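The block underneath contains the structure these notes are about, expressed in structure tokens.
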Amino acid sequence: MAARSVTLGIDLGTTSVKAALVEAARGDPSGFVVLASCARPTRAETAAQSAAAGPQGQEQDVRRIVQALHECLAALPRQQLCKVCGIGVSGQMHGVMFWKTGQGCEWTKAGAAPVFEPRAVSHLVTWQDGRCGSEFLASLPRPESHLSVATGFGCATIFWLLKNSPEFLKSYDAAGTIHDYVVAMLCGLTRPLMSDQNAASWGYFNTRSQSWNLEILRDAGFPVHLLPDVTEPGNVAGRTSQTWFEIPKGTQVGVALGDLQASVYSCMAQRTDAVLNISTSVQLVASMPSGFQPVQTPDPAAPVAYFPYFDRTYLAVAASLNGGNVLAMFVHMLVQWMADLGLEVEESTVYSRMIQAAAQQKDTCLNITPTVLGERHLPDQLASVTSISSSDLSLGHVTRALCRGIVQNLHSMLPFQQLQEWGVERVIGSGGALSRNQVLKQEGTESSLGAGSLLGVLCPVLLLHLNLG
């Protein structure tokens with residue numbers, strides 16, 4: 001163990017890939033020490049492969065994601081990579097990509113390092129995809145699951161492709177999330193393997209029986225041969241079939257986890273904790289007691305869903321589609337306006353200046369409902385701005401109102417009073433958008449606490465500690 005106690009953790013996110021090498025802390029079996037870490041933007045957005053998807057299609061180039069992954073590994077210390085004894089992978093849930101079995105990648109060398117290059121693969125249709133409108137979703141069979149189906153969910157996307165691009169599906173015989181694909185390629189799996197966390201995020205998966213709704217799907221003509229095998233999170237998916245950079249062949253690889261569950265696991269120290277994660281999207285999450293079983297009737301209008309966690313337990317999740325991505329849209333809009341006026345400015349400059357302006361603007365009467373992307377329980381809802389006055393038109397006012405709106409929108413989905421009724425005593429904040437945005441931190445604290453107080457920064461992962469007592 002002393003010779004090879006290093007674990008590689010990988011997260012394949014919507015906008016970036018992250019990798020970290022960790023080692024068990026001496027004298028504390030539950031603790032760990034970060035030896036090295038790296039993050040790279042994916043810049044993987046690309047046009048939809050099916051023209052019928054229109055502007056609502058949201059797809060990413062798998063090759064760019066894998067390239068960003070390899071850039072991360074190349075930046076990690078070689079002397080530590082050779083000690084890796086296990087690999088854990090998480091990534092963006094709900095999305096789906098396709099590949100040909102046995103042709104999904106080719107192992108080559110990037111310099112002296114062995115790497116895999118995607119070959120017979122499709123784009124990744126992400127969780128942000130909006131091609132499945134309300135009318136189309138209403139035409140789908142009712143799932144035998146406590147979770148309803150929304151646009152951007154893997155099975156909904158496959159149903160859409162079956163109707164609108166049936167020839168496209170005939171080109172592939174395997175499917176999974178982007179992180180399932182990476183695990184399958186690393187291990188040389190003949191069939192993709194998926195955790196129940198990711199299976200539930202696709203829809204048409206019964207978490208009680210741990211099985212797909214095969215009869216319902218077959219009756220609807222769904223290509224069930226594309227559905228991955230399912231196992232419990234924490235199980236080993238296989239071993240690396242090749243040396244990968246300096247990571248030895250035969251290294252254990254865990255089945256891919258959902259990024260939601262992975263982020264909660266890294267933060268939630270006690271069952272009385274809740275986690276507020278603000279990244280590209282936003283989630284407010286609480287742990288349900290052991291033995292809890294959600295009602296097996298999907299309610300598409302419910303703002304809170306129950307997703308499988310570990311050891312057959314569940315998380316109560318208010319998941320908003322509108323988070324850091326809305327701030328990014330705002331920045332892009334400002335940059336585009338200035339370009340239209342003949343001025344050039346970097347998006348990073350605009351972002352830092354607008355956060356600085358909002359930090360100085362402590363309050364505003366401006367009200368922004370930031371649901372540009374709708375919500376899964378309200379797919380047709382749009383954003384709005386109200387209470388506009390001549391005194392509230394500065395950049396500081398608008399940015400403050402936008403950050404407040406993101407937090408208040410989530411609060412409307414899962415009020416903190418409900419968390420208190422569930423026994424939650426504190427909310428721990430995490431996520432890239434939250435860590436970089438002091439205004440979001442302020443709004444998150446003030447929205448949740450009332451008379452409470454910000455207790456302080458716990459560590460780079462646990463960004464806020466909000467006392468609900």
Side-chain angles (χ1 to χ4, degrees), residues 10-19 38-75 89-108 110 113 115-132 151-154 156-158 160-161 164-165 167-186 192 198 201-202 226 228 244 256 259 279-281 321 324-325 328-329 332 347 373 432:
I10 296 167
D11 179 64
L12 305 167
T14 307
T15 58
S16 65
V17 171
K18 306 173 189 69
C38 182
R40 290 288 186 271
T42 56
R43 299 186 178 93
E45 290 73 20
T46 188
Q49 289 179 303
S50 173
Q56 299 300 317
Q58 291 287 325
E59 300 186 7
Q60 293 185 338
D61 188 332
V62 170
R63 291 171 178 81
R64 293 182 194 170
I65 297 173
V66 173
Q67 180 182 351
L69 171 62
H70 288 153
E71 288 175 1
C72 282
L73 264 70
V89 184
S90 68
Q92 49 176 303
M93 298 162 63
H94 306 293
V96 58
M97 61 168 291
F98 307 89
W99 64 92
K100 286 185 180 180
T101 301
Q103 303 176 49
C105 76
E106 179 182 355
W107 283 88
T108 62
V115 299
F116 66 93
E117 299 289 349
R119 287 294 182 258
V121 302
S122 72
H123 289 168
L124 168 67
V125 183
T126 76
W127 60 272
Q128 293 179 300
D129 189 82
R131 71 187 69 191
C132 300
T151 187
F153 282 28
T157 300
I158 295 174
W160 187 94
L161 291 168
N164 295 278
S165 301
E167 293 302 315
F168 172 85
L169 289 177
K170 293 179 182 178
S171 303
Y172 306 101
D173 60 3
T177 65
I178 179 64
H179 33 309
D180 295 323
Y181 165 77
V182 167
V183 169
M185 296 305 104
L186 288 177
N198 289 315
S201 80
W202 268 21
L226 291 174
W244 187 35
D259 55 357
S279 298
T280 304
S281 57
L321 301 177
N325 48 5
M329 289 179 198
H332 183 73
E347 289 193 358
L373 301 172

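The shown structure was predicted, so the numbers you read here are calculated from the model rather than taken from an experiment.
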Exercise. Listed by chain and number, what are the ring-ring contact (aromatic ring centres under 6.0 Å, His included) partners of Trp127, not counting sequence neighbours?
Worked result: none

Exercise. Has the side chain of Ser165 got a donor or acceptor atom that lies under 3.5 Å from a matching backbone atom of Phe168?
Worked result: no

Flag the pair [X] / [Y] as yes when at least one side-chain heavy-atom distance between them is below 4.5 Å, and no otherwise.
X: Met93; Y: Thr177; answer: no
X: Ile65; Y: Gln60; answer: yes
X: Thr108; Y: Val115; answer: yes

For this session: List the steps, then state whether side-chain contact (heavy atoms from CB on, under 4.5 Å) holds for Leu169 with Leu226.
Result: CA-CA 9 Å; Leu169 289 177; Leu226 291 174; 4.2 Å; yes

So how far is it from [X] [atom1] to [Y] [atom2], rounded to the nearest 0.5 Å?
X: His123; Y: Asp129; atom1: NE2; atom2: CG; answer: 12.5 Å
X: Thr151; Y: Gln128; atom1: OG1; atom2: CD; answer: 11.0 Å
X: Trp99; Y: Ser122; atom1: CH2; atom2: OG; answer: 9.0 Å
X: Leu12; Y: Asp259; atom1: CG; atom2: CG; answer: 9.5 Å
X: Ile10; Y: Cys72; atom1: CD1; atom2: SG; answer: 8.5 Å
X: His94; Y: Ser281; atom1: NE2; atom2: OG; answer: 8.0 Å

Exercise. What residue pairs, at least two apart or across chains, pass salt bridge (Lys or Arg N to Asp or Glu O under 4.0 Å) with a residue in residues 91-108?
Worked result: Glu106-Arg119

Which pair of heavy atoms, one from [X] and one from [Y], lies closest together, and at what distance?
X: Gly13; Y: Gln92; answer: O-NE2, 3.2 Å
X: Val96; Y: Ala175; answer: CG2-CB, 4.3 Å
X: Val62; Y: Pro118; answer: CG1-CG, 4.2 Å
X: Pro41; Y: Ala68; answer: O-CB, 3.9 Å
X: Cys38; Y: Arg40; answer: SG-NH1, 3.1 Å

For this session: Decide yes or no on side-chain contact (heavy atoms from CB on, under 4.5 Å) for Arg131 and Leu161, but give the supporting numbers first.
Result: CA-CA 10 Å; Arg131 71 187 69 191; Leu161 291 168; 4.1 Å; yes

For this session: List in chain and number order the residues that pass side-chain hydrogen bond (donor to acceptor under 3.5 Å, both in side chains) with Glu347, two or more places apart in sequence or in another chain; answer none if no residue qualifies.
Result: His332

Problem set entry | Chi angles and distances behind the side-chain contact (heavy atoms from CB on, under 4.5 Å) call for Tyr181, Val66 | CA-CA 10 Å; Tyr181 165 77; Val66 173; 4.2 Å; yes

Exercise. Are a donor atom and an acceptor atom from the side chains of Asp173 and Thr101 found within less than 3.5 Å of each other?
Worked result: yes

For this session: Compute whether any side-chain donor of one residue and acceptor of the other, for Asn198 and His179, lie under 3.5 angstrom apart.
Result: yes

Exercise. Would Trp244 and Leu186 count as a side-chain contact (heavy atoms from CB on, under 4.5 Å) if you check the C-alpha gap in whole Å, the side-chain angles of each, and the deciding distance to 0.1 Å?
Worked result: CA-CA 8 Å; Trp244 187 35; Leu186 288 177; 3.5 Å; yes

Exercise. Do Phe116 and His70 have ring centroids that are under 6.0 Å from one another?
Worked result: yes

Exercise. Taking NZ, NE, NH1 and NH2 as the nitrogens, is one of them in Glu71 or Arg64 under 4.0 Å from a carboxylate oxygen of the other?
Worked result: no

